[in-house]
**Q** 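I have a structure I would like to understand better, so I am pasting it below and will then ask my questions one at a time.
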Amino acid sequence: MKVMAFSLSTSHLLYNSLSSGIHFLAPSISTPASFLGSPFIRPIFKPVKFSIFAMATCVHSSRTETPPQAKPNRTNLDENYVKYCRPNSADIVSCFPISEKKSNTFHTCTPKVVDNGNVNHEEDVDNLWQLMMDEARSDIDQEPILSNYYFSSILLHNSMESALANHLSMKLSNSSLPSGTLFDLFIGLLTEDQDIMRAVKDDLIAVKERDPACISYVHCFLNFKGYLACQAHRVAHKLWLTGRKILALLIQNRVSEVFAVDIHPGAKIGRGILFDHATGVVIGETAVIGNNVSILHNVTLGGTGKVSGDRHPKIGDGVLIGAGTCVLGNVRIEDGAKIGSGSVVLKHVPARTTAVGNPARLVGGKENPIKLDKMPSLTMDHTSHISEWSDYVI
């Protein structure tokens, strides 16, 4: 019996070459440690028996391929496993088997939303992470080339807190700000403050419900920069409130550089938030945003430049703010109001009304404005009443 060993990063694969196949010590997830460039898991090795032919896909790329005449009928491979490779360096990969048998539990799991637009956390919020993992497996089935990305971002994590901390740390790190340092910071805050995680999940559901371009929860979680910028802000805001302002401002700067979204860590943001596209969004230090608000790209919630102290807008619940809008000064946009794209708002906007123009005016007039009968941030209706009110034609 010949025993061979080689090292993959901090993990070691030990196997015995036997005539009947190869015994391979496969890693399983356990306690926090440094692994694959991120400190979220420590591998514990458990024996898994694979066909010798399956192992050929998991070794050094310079190894000579099995001659065509010696290749087996791959239908004889163990049908309980499908092999996906996770690259660990330029030319060495390790394989982590996934069961091909899908759990039916996840397919029927759709988070329920209560009347106020928030998730029913008591019953369904835990299922959201399970659903995301199921979506990730489905995406791998469609695009096996992304298996490494989905493994490191989703499937190797045992919670949304861990996955979010890892994903944000990878996005925001640079040569002088290591991802491991950021991960330790993020995972500590996310696991410690469950209010943040409830908001994280409400935001995820809000994006999926309101944005027709969002095809799945995992798609939003991994790829929507408005969503990621908002969650990074929640961490920065927590640091700001606890007096760690230098670190909070550093995170703000990195979010601005990476996502093109500039939110001061002092700004207060509610739950169920959609930053649609999000490029060019600027939110000042004393701004306050309520729950279930939808904000499009190039929106500024800024000051007038003439005062200090409490100088930024206050946005109520259920407000929709169209693309390219500027709301300036310590003015209030009341609950359920809608601001048309390209508007410049300098004064108070009453609840369930529509303001549009530069400077913004109320649709229907100041004395008798048209009242909206639906929450605009949920319907995402940008044009009702505006087209009737204006006869402007391009």
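All figures in this text were calculated on a predicted structure; none of them were measured in a lab.
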**Q** Check the angle between the aromatic planes of His277 and His297 and answer parallel, tilted or perpendicular using the 30° and 60° thresholds.
**A**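 Because their plane-to-plane angle is over 60°, the rings of His277 and His297 count as perpendicular.
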
**Q** Quick check: does any side chain N or O of Ser173 sit under 3.5 Å from a backbone N or O of Ser169, one acting as donor and the other as acceptor?
**A**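 Answer holds: yes.
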
**Q** What is the minimum heavy-atom distance between Leu247 and Leu185, and which atoms define it?
**A**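 Minimum heavy-atom separation between Leu247 and Leu185: CD2-CD2, 3.6 Å.
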
**Q** So do Thr354 and Leu372 actually touch side chain to side chain, heavy atoms under 4.5 Å?
**A**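 A side-chain contact under 4.5 Å exists here.
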
**Q** If only atom types and distance count, is the side chain of Thr286 paired as donor or acceptor with the main-chain N or O of His312 below 3.5 Å?
**A**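 Yes, Thr286 side chain to His312 backbone: donor-acceptor pair under 3.5 Å.
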
**Q** What's the spacing between Leu320 CG and Ser341 OG if we round to 0.5 Å?
**A**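 The CG atom of Leu320 sits 8.0 Å away from the OG atom of Ser341.
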
**Q** Give a yes or no on whether the backbone of Glu135 and the side-chain of Arg137 come within a donor-acceptor separation of less than 3.5 Å.
**A**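 A pair under 3.5 Å: no.
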
**Q** Nearest 0.5 Å please: distance from the SG atom of Cys220 over to the CG atom of Asp211.
**A**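 If we round to the nearest 0.5 Å, Cys220:SG and Asp211:CG are 8.0 Å apart.
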
**Q** Quick one: are Ile295 and Ile289 in side-chain contact, heavy atoms under 4.5 Å?
**A**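 Counting from C-beta outward, Ile295 and Ile289 do come under 4.5 Å.
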
**Q** Look only at the side chain of Thr325 and the backbone of Gly340, and say whether a donor-acceptor pair between them is shorter than 3.5 Å.
**A**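 Checking the backbone N and O of Gly340 against the side chain of Thr325, a donor-acceptor pair under 3.5 Å is found.
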
**Q** Identify whether NZ of Lys or CZ of Arg in Lys225 sits under 6.0 Å from the centre of the six-membered ring of Phe259 and within 45° of that ring's axis.
**A**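 Judged by the rule (NZ or CZ under 6.0 Å from the ring centre, within 45° of its axis), Lys225 is not positioned above Phe259.
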
**Q** Is it true that Arg234 and Asp203 make a salt bridge, defined as a side-chain N closer than 4.0 Å to a carboxylate O?
**A**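 Here Arg234 pairs with Asp203 in a salt bridge, since their nearest N and O are under 4.0 Å apart.
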
**Q** Going through the checks in order, is the side-chain contact (heavy atoms from CB on, under 4.5 Å) test met by Leu239 and Leu189?
**A** CA-CA 9 Å; Leu239 293 169; Leu189 292 172; 3.7 Å; yes

**Q** Can you tell me how far the CG atom of Leu274 sits from the NZ atom of Lys208, to the nearest 0.5 Å?
**A**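 Going from the CG atom of Leu274 to the NZ atom of Lys208 covers 13.0 Å.
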
**Q** Does Leu155 belong to the same Ile/Leu/Val/Met/Phe/Trp/Tyr cluster as Ile145, with side-chain heavy atoms less than 4.5 Å apart forming each link?
**A**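 Yes, it is one cluster - the side chains of Leu155 and Ile145 are joined through contacts under 4.5 Å.
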
**Q** When you measure from the side chain of Tyr227 to the backbone N and O of Val200, does any donor-acceptor pair fall under 3.5 Å?
**A**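 Yes; judged by distance alone, with no hydrogens or angles, the pair exists.
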
**Q** Which is it for Ile154 and Tyr149 under the side-chain contact (heavy atoms from CB on, under 4.5 Å) test, yes or no, and what are the steps along the way?
**A** CA-CA 8 Å; Ile154 300 293; Tyr149 179 60; over 6 Å; no

**Q** When rounded to the nearest 0.5 angstrom, what distance separates CG in Asp202 from CZ in Arg271?
**A**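 That separation rounds to 4.5 Å.
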
**Q** Do you know the tightest heavy-atom contact between Pro265 and His237?
**A**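 Answer, listing the atom of Pro265 first, then His237: O-ND1, 2.7 Å.
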
**Q** Between CE of Met133 and CG of Leu156, what distance do you get to the nearest 0.5 Å?
**A**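 Here the rounded value is 8.5 Å.
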
**Q** Please test Ile205 against Tyr217 for side-chain contact (heavy atoms from CB on, under 4.5 Å), starting from the C-alpha separation and ending with a verdict.
**A** CA-CA 7 Å; Ile205 291 174; Tyr217 293 108; 4.0 Å; yes

**Q** When you check the side-chain N and O atoms of Tyr150 and Asp139, is any donor under 3.5 Å from an acceptor?
**A**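 Side-chain D/A pair, Tyr150 to Asp139: present.
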
**Q** So, the side chain of Ser138 versus the backbone of Asp134: is there a donor-acceptor pair under 3.5 Å, distance only?
**A**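 No, because the side chain of Ser138 does not come within donor-acceptor range (under 3.5 Å) of the backbone of Asp134.
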
**Q** Any side-chain heavy atom of Thr304 within less than 4.5 Å of one from Arg311?
**A**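 When only atoms from C-beta onward are counted, Arg311 and Thr304 do not touch, as no gap falls below 4.5 Å.
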
**Q** A side-chain contact here means heavy atoms from C-beta on lying under 4.5 Å apart; do Lys338 and Val319 qualify?
**A**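 Of all side-chain heavy-atom pairs linking Val319 with Lys338, none is under 4.5 Å.
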
**Q** Taking a hydrophobic cluster as the set of Ile, Leu, Val, Met, Phe, Trp and Tyr residues connected by side-chain heavy atoms closer than 4.5 Å, whether directly or through intermediates, do Leu177 and Leu168 fall within one such cluster?
**A**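 Same cluster: Leu177 reaches Leu168 through Ile, Leu, Val, Met, Phe, Trp or Tyr contacts under 4.5 Å.
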
**Q** Do His348 and Val331 make a side-chain contact, defined as non-hydrogen atoms from C-beta onward lying under 4.5 Å apart?
**A**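 No, side chains not in contact.
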
**Q** For Lys171 and Val258, which heavy atoms make the closest approach, and how far apart are they?
**A**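 What the structure gives for the nearest pair is O-CG2, 3.6 Å.
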
**Q** Verify the ring-centre separation between His219 and Phe224: is it less than 6.0 angstrom?
**A**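 Yes, the ring centres sit under 6.0 Å apart.
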
**Q** Below 4.0 angstrom, N of the basic side chain to O of the carboxylate: do Asp381 and Lys374 qualify?
**A**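 Lys374 and Asp381: not salt-bridged.
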
**Q** Atom NZ of Lys347 and atom NZ of Lys366: how far apart are they, to the nearest 0.5 Å?
**A**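 The NZ atom of Lys366 is 6.0 Å from NZ of Lys347, to the nearest 0.5 Å.
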
**Q** Please say yes or no: joined through hydrophobic side-chain contacts below 4.5 Å, possibly via intermediate residues, are Val288 and Val293 part of one cluster?
**A**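 Each belongs to a different hydrophobic cluster.
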
**Q** In this structure, is the centre-to-centre distance between the rings of His157 and Trp129 below 6.0 Å?
**A**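 No, the ring centres sit 6.0 Å or more apart.
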
**Q** Please confirm whether the backbone N or O of Ser159 pairs with a side-chain atom of Ser162, one donor and one acceptor, at under 3.5 Å?
**A**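 Side chain of Ser162 to backbone of Ser159: no pair is present.
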
**Q** Below 4.0 angstrom, N of the basic side chain to O of the carboxylate: do Glu334 and Arg332 qualify?
**A**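 Result for this pair is yes, salt bridge flagged.
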
**Q** Looking only at atom types and distance, does a side-chain atom of Lys371 sit under 3.5 Å from a main-chain N or O of Ala351, one as donor and one as acceptor?
**A**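 Yes: the side chain of Lys371 pairs with the backbone of Ala351.
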
**Q** Using atom types as modelled and distance alone, determine if a side-chain donor or acceptor of His264 lies under 3.5 Å from a backbone N or O of Ile283.
**A**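 No; zero donor-acceptor contacts below 3.5 Å.
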
**Q** Nearest heavy-atom pair of Leu301 and Ile321: which atoms, and what distance?
**A**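 Here Leu301 and Ile321 meet closest at CD2-CD1, 4.2 Å.
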
**Q** Using a 4.5 Å cut-off on heavy atoms from C-beta on, say whether the side chain of Ile333 contacts that of Val327.
**A**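 SC-SC contact between Val327 and Ile333 confirmed.
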
**Q** Can you name the nearest heavy-atom pair linking Ala337 to Pro376, along with the distance?
**A**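 Smallest heavy-atom distance, with atoms named: O-CG, 3.5 Å.
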
**Q** Please say yes or no: joined through hydrophobic side-chain contacts below 4.5 Å, possibly via intermediate residues, are Val261 and Leu250 part of one cluster?
**A**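 Result: yes, single cluster for both.
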
**Q** Checking Ser294 against Arg210: is there a side-chain donor and acceptor pair closer than 3.5 Å?
**A**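 Indeed, the side chains of Arg210 and Ser294 share at least one donor-acceptor pair under 3.5 Å.
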
**Q** Answer yes or no: is there a donor N or O on one side and an acceptor on the other, between the side chain of Ser343 and the main chain of Ile339, under 3.5 Å?
**A**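 No: the side chain of Ser343 does not pair with the backbone of Ile339.
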
**Q** Evaluate the side-chain proximity of Ile251 to Phe186: yes if any heavy-atom separation is below 4.5 Å, no if none is.
**A**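 The answer is yes, as the side chains (C-beta and beyond) meet within the 4.5 Å cut-off.
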
**Q** Taking side chain as C-beta onward, heavy atoms only, is Met160 less than 4.5 Å from Leu204?
**A**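 Sidechains of Leu204 and Met160: in contact.
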
**Q** With clusters defined by side-chain heavy atoms of hydrophobic residues (ILVMFWY) lying less than 4.5 Å apart, directly or transitively, does Val255 cluster with Val282?
**A**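 They do not share one cluster, since no chain of ILVMFWY contacts under 4.5 Å joins Val282 to Val255.
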
**Q** How close do Ala232 and Leu172 get, counting heavy atoms only, and between which atoms?
**A**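 For Ala232 versus Leu172, the nearest heavy atoms are CB-CD1, 4.2 Å.
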
